[in-house]
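Quick note on labels: first sequence line is chain A, next is B, and so on, each numbered from 1. Note that the structure is a prediction, hence the values are computed from the model and not measured.
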Amino acid sequence: MKNKKAFEIQFNWIFVLIAGAAILIFFSSVIIKQKGITQSSTNIEMLKQMENIVSGAGVSTGTIVPLNIPNFDIKISCNKISVGYSSIQYQSMVLFAPLSIKGGRIITQTLAFNEPYRSANLLFITSVQAKYILIGDALMTEANKTLPSELDKEAFNIYDPSKIRNTNNYRAKLVFFNANVPSEVPSSLAKMQDSGVMAIKVTGRIEKGTVDFYKKSGNAFTLSESSAYLGKSSMIAAIYAENPEMYNCNMNNVFSRNRLVTQVYQGKARNLMANTARPDCRQVYSDSLPYLNRIESSSSRLSQAQRIDISDINDISSASISLESQNAEAQKLSCPMIY
Amino acid sequence: MNKKLEKKSQIQMFETISVLFIFFILIGIGAIFYVRVYKSNLDITKYGYSQSKSVAIAQRAMFLPELQCSKNKITTDNCIDLLKLEAAISVINSNEIHYYDLLEFGEINLTQVYPSSASAPKWAVYSRKIERPASSFLTFVPISLYDPAADTYGYGVLSIETQSK
């Protein structure tokens with residue numbers, strides 16, 4: 001009888017333990033699931049904010065907007081923005097930024113791509129915790145004036161590694177304008193992770209030139225890829241872009257937009273030709289069509305190129321100059337302007 | 001005596017089981033109520049997102065370089081170049097995927113109001129509609145219409161309908 005009592009008591013306790021454990025497991029799983037849902041909805045909320053920023057960039061141009069955001073790790077890649085496991089995919093996004101944006105404060109900047117008419121707005125985003133070191137000639141001065149003052153940036157006319165300080169940034173980018181990239185990384189930045197330090201060499205003028213992208217391998221800079229730029233906005237884009245892949249991908253999208261807008265201007269030039277009675281105006285529009293055709297075909301090639309080629313850039317640049325002179329001629333003759 | 005003791009322990013266990021059963025029923029009722037409230041909050045948030053997306057798409061349409069007036073690289077806001085418009089409609093129709101990324105599901109129409117005429121000129125700028133949208137927003141934007149050939153300005157209304165699944 002005593003054994004039976006003892007067995008019943010033990011059995012009761014075991015039963016209570018199992019029931020209690022089941023209740024705890026149930027509530028723990030509810031809490032973990034709810035935490036995951038809340039985290040996902042917060043990530044999506046952040047993505048919506050980024051989507052609004054990208055949309056707003058298409059509307060406004062020449063703006064600099066500092067923003068305070070929650071301390072998320074935002075990942076940006078070609079045509080994609082991710083926060084945690086949530087992401088938005090675009091068909092043709094134009095956004096130049098580091099691969100990872102950290103910190104609670106970001107700077108957004110927009111510049112118009114006017115080659116020779118406005119066809120796209122380039123959006124640049126970076127964190128205030130990223131450092132930009134600009135070295136070079138008059139081109140450096142122009143770039144420094146264009147970059148926001150809120151950025152953590154330093155400008156030097158001559159490269160002196162002893163003047164470059166490590167201010168505990170997660171990312172540092174050295175930009176050399178018409179100056180050679182040194183083979184050695186400055187000693188103050190040598191201990192940073194390889195992915196956190198990069199350099200670019202900009203060679204040319206404000207209108208066009210080439211860009212060489214370098215990456216840090218240990219204590220040395222090694223050339224990873226060369227590309228080209230057209231106009232100030234794409235030169236600034238090379239400064240913001242994390243790597244040549246991001247730069248080339250976004251420039252493909254820019255030239256895709258340029259191709260479409262050029263097709264519209266080709267149609268407008270033909271409409272103007274058909275609708276004007278004046279032979280001198282018709283001549284101007286007729287002369288402008290070959291230049292528009294050249295811009296359209298070069299933009300089409302660049303929209304699909306793996307790398308932005310300097311020969312196509314030169315083609316667009318020279319056609320743009322000729323088209324501008326035709327547009328000025330139309331203005332002089334009091335004809336409706338092409339653009 | 002033994003039978004009494006057996007019955008007592010059985011009754012005790014039965015009590016525990018029934019308490020647990022009622023407890024889980026109450027939890028279930030609470031969970032159903034919570035999920036319903038959460039779902040209605042989500043619907044409200046979703047509606048808000050659809051509205052803000054609609055505004056963003058309307059802004060994109062208004063500021064498309066393909067349509068915007070420009071003179072010597074200087075663009076004019078809230079103005080559509082009529083000569084560019086005709087070419088733009090053709091370009092937009094030939095590049096559906098590209099413009100879907102910008103304008104998504106919906107329809108954009110332009111109607112000339114002034115100078116008024118018997119048949120008010122109307123242009124279907126973009127159309128990609130879905131049969132049964134979950135939500136639909138219509139935005140009307142007054143817009144200036146510029147004819148570069150005649151160098152005259154008119155007045156029109158841009159209607160932007162955005163839909164979501």
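- Between B:Ser94 and A:Gln263, the closest side-chain pair of non-hydrogen atoms is not below 4.5 Å.
- At most 12 non-hydrogen atoms from other residues, nucleotides or ligands lie less than 6.0 angstrom from OH of B:Tyr114.
- In this structure, chain A has a heavy atom under 4.5 Å from the side chain of B:Leu102, while its backbone stays farther away.
- A salt bridge links B:Glu66 with A:Arg257: the distance from a Lys NZ or Arg NE/NH1/NH2 to an Asp or Glu carboxylate oxygen falls below 4.0 Å.
- Side-chain contact check for A:Tyr265 and B:Lys84: at least one donor-acceptor pair (N or O, by modelled atom type) lies under 3.5 Å.
- A:Asn275 places no side-chain N or O within 3.5 Å of a backbone atom of B:Ala149 that could act as its donor or acceptor partner.
- Contact annotation for A:Phe113: neither backbone nor side-chain heavy atoms come within less than 4.5 Å of a heavy atom of chain B.
- Counting heavy-atom pairs closer than 4.5 Å to chain A, the top residue among B:Asp77, B:Asp81, B:Leu82, B:Ile74 is B:Asp81.
- No part of B:Tyr146 comes within reach of chain A, as not one of its non-hydrogen atoms sits under 4.5 angstrom from that chain.
- Within the 4.5 angstrom heavy-atom criterion, no atom of A:Arg278 approaches chain B.
- No hydrogens or angles considered: a donor-acceptor pair under 3.5 Å links the side chains of B:Tyr49 and A:Glu45.
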Report task. Please report the C-alpha distance between A:Ile23 and B:Leu20 in whole Å, then the side-chain angles of each, then the deciding distance to 0.1 Å, and finally whether the side chain to side chain contact (heavy atoms under 4.5 Å, CB included) criterion is met. Result -> CA-CA 9 Å; A:Ile23 291 168; B:Leu20 279 172; 3.4 Å; yes
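- A distance of 14.0 Å separates OH in A:Tyr339 from OG1 in B:Thr75, rounded to the nearest 0.5 Å.
- Around NZ of A:Lys48, the count of heavy atoms belonging to other residues, nucleotides or ligands within 6.0 Å exceeds 12.
- Heavy-atom neighbours of B:Lys46 NZ from other residues, nucleotides or ligands within 6.0 Å: at or below the threshold of 12.
- Nearest heavy atom pair, residue B:His98 against residue A:Ser92, reads CE1-OG, 3.5 Å.
- Here the straight-line distance linking atom CD of A:Glu324 with atom CG of B:Asn72 works out to 8.0 Å at 0.5 Å rounding.
- Neither the backbone nor the side chain of B:Tyr100 comes within contact range of chain A; no heavy atoms are under 4.5 Å apart.
- With a 4.5 Å cut-off on non-hydrogen atoms, A:Phe15 touches chain B through its side chain but not through its backbone.
- Atom CG of A:Asn253 and atom CG of B:Asp101 lie 9.0 Å apart (nearest 0.5 Å).
- Contact tally against chain A (heavy-atom pairs below 4.5 Å) for B:Ala87, B:Ser70, B:Pro65: the top residue is B:Pro65.
- For A:Gln331, the part lying under 4.5 angstrom from a heavy atom of chain B is the side chain only.
- Most heavy-atom pairs under 4.5 Å with chain A, from the set B:Ile27, B:Val55, B:Leu64: that is B:Ile27.
- Under the 4.5 Å side-chain criterion, counting only non-hydrogen atoms from C-beta, B:Asn95 is in contact with A:Arg259.
- Atom CD of A:Gln34 has more than 12 neighbouring heavy atoms from other residues, nucleotides or ligands inside a 6.0 Å radius.
- The number of heavy atoms from other shown groups lying within 6.0 Å of CD1 (B:Ile25) is above 12.
- Here B:Asp147 contributes atom CG and A:Asn271 contributes atom CG; the two are 10.0 Å apart, rounded to the nearest 0.5 Å.
- Residues A:Ser55 and B:Arg60 meet the side-chain proximity criterion, which asks for heavy atoms closer than 4.5 Å.
- Between B:Phe63 and A:Asn121 there is no side-chain heavy-atom pair separated by less than 4.5 Å.
- Salt bridge B:Lys53/A:Glu51: absent, no basic N to carboxylate O contact under 4.0 Å.
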